[in-house]
Amino acid sequence: IPLKKFLLVLFVAFSLSEVHAAVAKTGDEDQLKSLVDSFAVAIVKKDKVWIVSNLSETCKMYEPTGNTLDRAGIVYTFTEGIYDISKSAALNKSFKVDGAAAGGSADFDVEGVGNINGNKVDIAGSYKFNLKFTKSDKGWLISEIIINER
């Protein structure tokens, strides 16, 4: 094979692998965006089944109050009335995928009330969610949620 032809074949092979990598990355980012949007809906609907099946078993959530919750605590908080969220939207989402792990953030605009230390507190506002994800055989799962007030 002449060198020129060999280099052309190599170039085409590398180009195709770059295209494949870009497509895979876009697919993961689309899945993560969908996961975060679905999470925003699930906390309004108090959808316990969705939340349990889309959080990793070791998921932790760090609240602005300083509380740290495990998966069971997160499920309880969003489905049993600690947070009674009437409206939620995830905006300005961004993600960085690194193999079977990913990180990201989203601004959550919420309306609702929280039952904080026995008091009903208006929790309406914008919050920055910093998220970590792990890829399982079922797809992406949320593995960490850090919530900060904006």
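Just so it is clear, the structure is predicted and the values come from calculations on it, not from any experiment.
Remark: E80 CD is packed, more than 12 non-hydrogen atoms of other residues, nucleotides or ligands lying under 6.0 Å away. Within 6.0 Å of OH on Y76 lie no more than 12 heavy atoms contributed by other residues, nucleotides or ligands.
Judged by distance alone, with hydrogens and angles left aside, the side-chain atoms of T77 form no donor-acceptor pair with the main-chain N or O of I82 at under 3.5 Å. When atom types are taken as modelled, the side chain of S34 and the backbone of D30 share no donor-acceptor pair closer than 3.5 angstrom. Between the side chain of N119 and the backbone N or O of V121 there is no donor-acceptor pair closer than 3.5 Å.
Residues D28 and K135 form a side-chain contact, since some pair of their non-hydrogen atoms from C-beta on lies under 4.5 Å apart. Between L69 and K60, every side-chain heavy-atom pair lies at or beyond the 4.5 Å cut-off. The closest side-chain heavy-atom distance from F95 to V36 is below 4.5 Å.
Interatomic distance, CZ of F108 versus CD1 of I147, reported as 8.5 Å (0.5 Å rounding). Here the straight-line distance linking atom CG of N148 with atom CG of D107 works out to 11.0 Å at 0.5 Å rounding. One distance of note links CD of E149 with CD of E63; it measures 11.0 Å at 0.5 Å rounding.
In the hydrophobic clustering of ILVMFWY residues, with side-chain heavy atoms under 4.5 Å counting as a link, I142 and V41 come out apart. Linking ILVMFWY residues whenever their side-chain heavy atoms come closer than 4.5 Å, directly or via other members, places L32 and I145 in the same cluster. Follow the hydrophobic side-chain contacts under 4.5 Å out from M61 and you reach V44 in the same cluster. Note: the hydrophobic cluster containing I146 does not contain I85 (ILVMFWY, side chain heavy atoms under 4.5 Å, direct or indirect links). Clustering ILVMFWY residues whenever any of their side-chain heavy atoms sit less than 4.5 angstrom apart, transitively, puts I51 in a cluster other than the one holding L141.
A salt bridge does not link E29 to K93: none of the charged nitrogens lies less than 4.0 Å from a carboxylate oxygen.
Closest approach of G104 and F133 over heavy atoms only: N-CE1, 4.1 Å. For S56 against S143, the heavy-atom pair with the smallest separation is OG-CA, 3.4 Å. Contact detail for D122 and G112: the closest heavy-atom pair is OD1-O, 3.3 Å. The shortest heavy-atom contact between Q31 and W140 is OE1-CD1, 3.2 Å. K46 approaches D84 most closely through the heavy-atom pair NZ-OD1, 3.1 Å. C59 and E144 make their closest contact through SG-N, 3.8 Å (heavy atoms, listed as atom of the first residue, atom of the second, distance).
Applying the side-chain hydrogen bond (donor to acceptor under 3.5 Å, both in side chains) test to D109 and every residue at least two apart in sequence or in another chain returns S126.
Ring geometry for F78 against Y83 counts as tilted: the plane angle lies between 30° and 60°, on a 0 to 90° scale. Taking the six-membered ring where the residue is Trp, W50 and F39 present tilted rings, their angle falling between 30° and 60°.
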Go through the steps for N54 and S38 under the test side chain to side chain contact (heavy atoms under 4.5 Å, CB included), then give the verdict. CA-CA 10 Å; N54 287 280; S38 296; over 6 Å; no
